[in-house]
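Note sheet for the following structure.
Not measured: the values here are computed from a predicted model.
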Amino acid sequence: MKPISQMELRFGATRDSEALSIVPTGITLFVGPNNSGKSLILKEIERFCNTYQSTNNKILQNLDFNVPPYETVKEDIERKKTPPNENEQVGANSIIVQRLNAYQGQKPREVLPIDQLETWVNQRLLPNLTRFYFSFLTVRLDGETRTTLLRPNNRGDLLATPTNILAALWTDPEARAKIRDLTSEAFGTYFTIDALNANQLRARMSKRPPADEAEEQSLDQRARDFHRDATEIIYASDGVKAFTGMLATVLGQDYKIPLIDEPEAFLHPPLARRLGKELAAVSGSRDACSFIATHSADFLMGCVQGSDRVNIVRLTHKGDVSTARLLSHDRLNEIIKSPLMRSSGVLSALFHEGAVVCEADADRALYQEINDRLAQFETSNSSEALFLNAIGKQSVAKIAGPLREMGIPAAIAVDFDIFKKGVEFKQMLREISISSALINTWCQFRAELAQYCEDHGVDWKKGGIRDFEGEMKPAAEQFLRNLADYGIFVVPIGEVEAWLGYLNIPPEGGKRNWLLNAFNTLGHSTDSETYVRPEEGDIWDFVRDISAWVNNPERHGV
């Protein structure tokens, strides 16, 4: 069976559109902030694949299968056929099929009326086919199973259909060799299986590979010495167990619909990237439809490196408003190839409520500290946004634009001199997809504002709107509110260093030294009497407004 282009996922209505439909390719990643439904959607897909039911689904509206030809279905089923046990009663027109693992109450063994299979396929009877066909191709790996996949298990009858992963791998030398190669590259040790303990199979990690298949699988002295020198995998770290177990599960059986929840758990970033690359490659080589929920930008990058058939669906759920946005592999590749985007760590924003793009690292550090203090003392006035730094004001929109395209509310925080003549204000607005009508209106007023500043000697760094007089002042204040409605936040009193003036921060030494002085003045310990807590006005209101925009599902601009 080749499920690629033979499944379609339809998401329920969102604020952005009536529904989102995707035809998954080799691997589909679900990303988004915490509590956005990433783990839940895997369970909903599993329910579809096992029972063809969508009762009480919160995210997935429907999943449609394009049933393969009868010959393909029969061939897949025949590989699962197993002899009946002594007490099993099987009719003349039925066979017993064996599941490797049972989820959601599915029976490990099913009596399948084989004479009805062709009718089910020809008439596309999906309730029957999900139970007796698609469910055998589906496996879900979650936090409870990830580190226990390779624990000792029954050997059983090795002439019959395997009933567990180790038994399946025991009879598949090609899969064992592949896993050995991967564990050798990742850990410097080699995956093996021994059958020396009564009726059990045990996974081990050896310092060297077996010289031949007999050294691994026979019962002679040579095999006993080999396995005695290897370490049973149950004594390995959780990272080794999780990495090896997931690859062994995917490689050990012909699963075409693997569902994996947070595969990067217990793994260091380089190992998470390697796992993503290998799982994506396996999905592509097996024509599988893999669905994976992840919080890791490293795992995501590995998937993109391992296959050119990767879709990313970003899920959000905020204030009873759900969204689902699709980012294609081609667009993702464009973003990844940009040195600016790579250097800013932009992909990490996929896993946050939003992003705040600042002109420089010093700006980012200060605004993030203010947001952290608001989160500590005023939870509702802070956001779980990722604070990013650009390389000057000319690049803030180059980062925020693609983020908004991915459905991430990306705010921009810039100094007042963004309005200066010669600064590419119009280009910035275009790069974050502001409408032409608004661009024309805003650019016209920006020209008037810049001229006013020149004519009246407004201090761009320490004055801003504070230096305005007459009718121009309320007009400029309204202009800044209009920009803020679309996630563009301009320091009204000049530059970042103009904030916190009431704390009398020492000004000497340039921006970086000013930041260090600001942090020292703000204090480090909440137990100290001099520790500065949130107040009204100044930078506190500025960051509160940014957080309100990020947190508002009805915001403009995204």
Side-chain angles (χ1 to χ4, degrees), residues 75 78-83 98 100-101 139 141 146-255 258 267 271 274-275 277-288 306:
E75 180 182 337
E78 289 287 347
R79 287 200 296 271
K80 306 288 184 182
K81 181 180 177 181
T82 191
Q98 175 74 52
L100 202 63
N101 289 300
V139 62
L141 306 179
R146 190 177 298 115
T147 59
T148 61
L149 292 167
L150 296 179
R151 62 189 174 188
N153 220 319
N154 292 331
R155 182 171 57 193
D157 183 355
L158 296 178
L159 298 178
T161 303
T163 59
N164 60 73
I165 291 296
L166 290 181
L169 290 172
W170 178 262
T171 59
D172 189 343
E174 183 178 342
R176 292 200 312 279
K178 176 63 175 174
I179 298 169
R180 257 197 290 279
D181 289 342
L182 295 174
T183 59
S184 171
E185 294 171 4
F187 311 114
T189 53
Y190 299 84
F191 173 80
T192 66
I193 302 175
D194 87 70
L196 299 172
N197 183 22
N199 193 38
Q200 275 195 331
L201 294 173
R202 294 178 293 188
R204 292 184 178 273
M205 304 300 286
S206 173
K207 295 177 182 178
R208 65 172 180 85
D212 50 43
E213 193 163 328
E215 187 174 38
E216 181 181 20
Q217 293 202 324
S218 70
L219 304 179
D220 61 16
Q221 185 64 47
R222 192 166 66 106
R224 293 197 296 273
D225 290 342
F226 172 72
H227 288 302
R228 186 179 293 112
D229 290 339
T231 301
E232 197 172 348
I233 200 169
I234 60 172
Y235 300 113
S237 69
D238 285 344
V240 171
K241 287 186 285 191
F243 180 91
T244 310
M246 282 183 281
L247 288 173
T249 301
V250 174
L251 289 168
Q253 277 285 286
D254 56 346
Y255 290 120
L267 303 182
L271 202 55
R274 182 187 291 271
L275 179 63
K277 183 177 181 180
E278 295 301 336
L279 288 177
V282 169
S283 293
S285 65
R286 293 199 167 187
D287 288 314

For [X], check side-chain hydrogen bond (donor to acceptor under 3.5 Å, both in side chains) against everything at least two apart and list the hits.
{"X": "Lys80", "result": "Gln253, Asp254"}
{"X": "Gln200", "result": "Asn197"}
{"X": "Ser218", "result": "Asp220"}
{"X": "Gln217", "result": "none"}

* To do: Could you please spell out the steps behind the salt bridge (Lys or Arg N to Asp or Glu O under 4.0 Å) verdict for Glu215 and Arg208?
  => CA-CA 12 Å; Glu215 187 174 38; Arg208 65 172 180 85; 2.7 Å; yes
Partners meeting salt bridge (charged side-chain N to carboxylate O under 4.0 Å, His left out) with [X] (sequence neighbours left out):
{"X": "Arg222", "result": "Asp212"}
{"X": "Glu78", "result": "none"}
{"X": "Arg151", "result": "none"}

Is a side-chain donor or acceptor of [X] paired with a backbone partner of [Y] at a separation under 3.5 angstrom?
{"X": "His227", "Y": "Leu196", "result": "no"}
{"X": "Thr189", "Y": "Lys207", "result": "no"}
{"X": "Thr249", "Y": "Gly245", "result": "yes"}
{"X": "Ser237", "Y": "Val240", "result": "yes"}

* Asked: Is there any ring pair (Phe, Tyr, Trp, His ring centres under 6.0 Å) pair reaching into residues 167-219, and which pairs are they, with sequence neighbours excluded?
  -> Phe187-Phe243
What closest approach, in Å, do [X] and [Y] show between heavy atoms, and which atom pair accounts for it?
{"X": "Glu278", "Y": "Leu247", "value": "CB-CD2, 3.9 Å"}
{"X": "Ala248", "Y": "Ile179", "value": "CA-CD1, 3.5 Å"}
{"X": "Ala186", "Y": "Leu271", "value": "CB-CD1, 3.6 Å"}
{"X": "Ser206", "Y": "Phe226", "value": "OG-CE1, 3.5 Å"}

Rounded to the nearest 0.5 Å, how far does [atom2] of [Y] lie from [atom1] of [X]?
{"X": "Lys277", "Y": "Leu182", "atom1": "NZ", "atom2": "CG", "answer": "10.5 Å"}
{"X": "Ile193", "Y": "Asp172", "atom1": "CD1", "atom2": "CG", "answer": "9.5 Å"}
{"X": "Leu150", "Y": "Leu169", "atom1": "CG", "atom2": "CG", "answer": "7.5 Å"}
{"X": "Leu251", "Y": "Arg176", "atom1": "CG", "atom2": "CZ", "answer": "12.5 Å"}

* If a pair satisfies salt bridge (Lys or Arg N to Asp or Glu O under 4.0 Å) and one of its residues is in residues 227-238, list it, with sequence neighbours excluded. => Asp225-Arg228, Asp238-Lys241
* Where at least one partner belongs to residues 184-205, residue pairs that pass salt bridge (Lys or Arg N to Asp or Glu O under 4.0 Å), sequence neighbours excluded -> Glu185-Arg274, Asp194-Arg202, Asp194-Arg204
* To do: Go through the steps for Arg79 and Glu75 under the test salt bridge (Lys or Arg N to Asp or Glu O under 4.0 Å), then give the verdict.
  => CA-CA 7 Å; Arg79 287 200 296 271; Glu75 180 182 337; 3.6 Å; yes
* Check the pair Ile165, Leu149 against side chain to side chain contact (heavy atoms under 4.5 Å, CB included), reporting the backbone distance first and the verdict last. => CA-CA 8 Å; Ile165 291 296; Leu149 292 167; 5.7 Å; no
* Do Pro258 and Met246 come within less than 4.5 Å of each other through their side chains, counting heavy atoms only? -> no
* **side chain to side chain contact (heavy atoms under 4.5 Å, CB included) partners for Ala167, two or more places apart** => Pro162, Asn164, Leu201
Sequence neighbours left out, cut at 3.5 Å: what donor-acceptor pairs do the side chains of residues 152-161 make with other protein atoms?
| from | atom 1 | to | atom 2 | distance (Å) |
| --- | --- | --- | --- | --- |
| Arg155 | NH1 | Ala195 | O | 3.3 |
| Arg155 | NH2 | Ala198 | O | 3.3 |
| Asp157 | OD1 | Leu159 | N | 2.9 |
| Thr161 | OG1 | Lys81 | O | 2.5 |

* For Gln221, does the CD atom have more than 12 heavy-atom neighbours from other residues, nucleotides or ligands under 6.0 Å away? -> yes
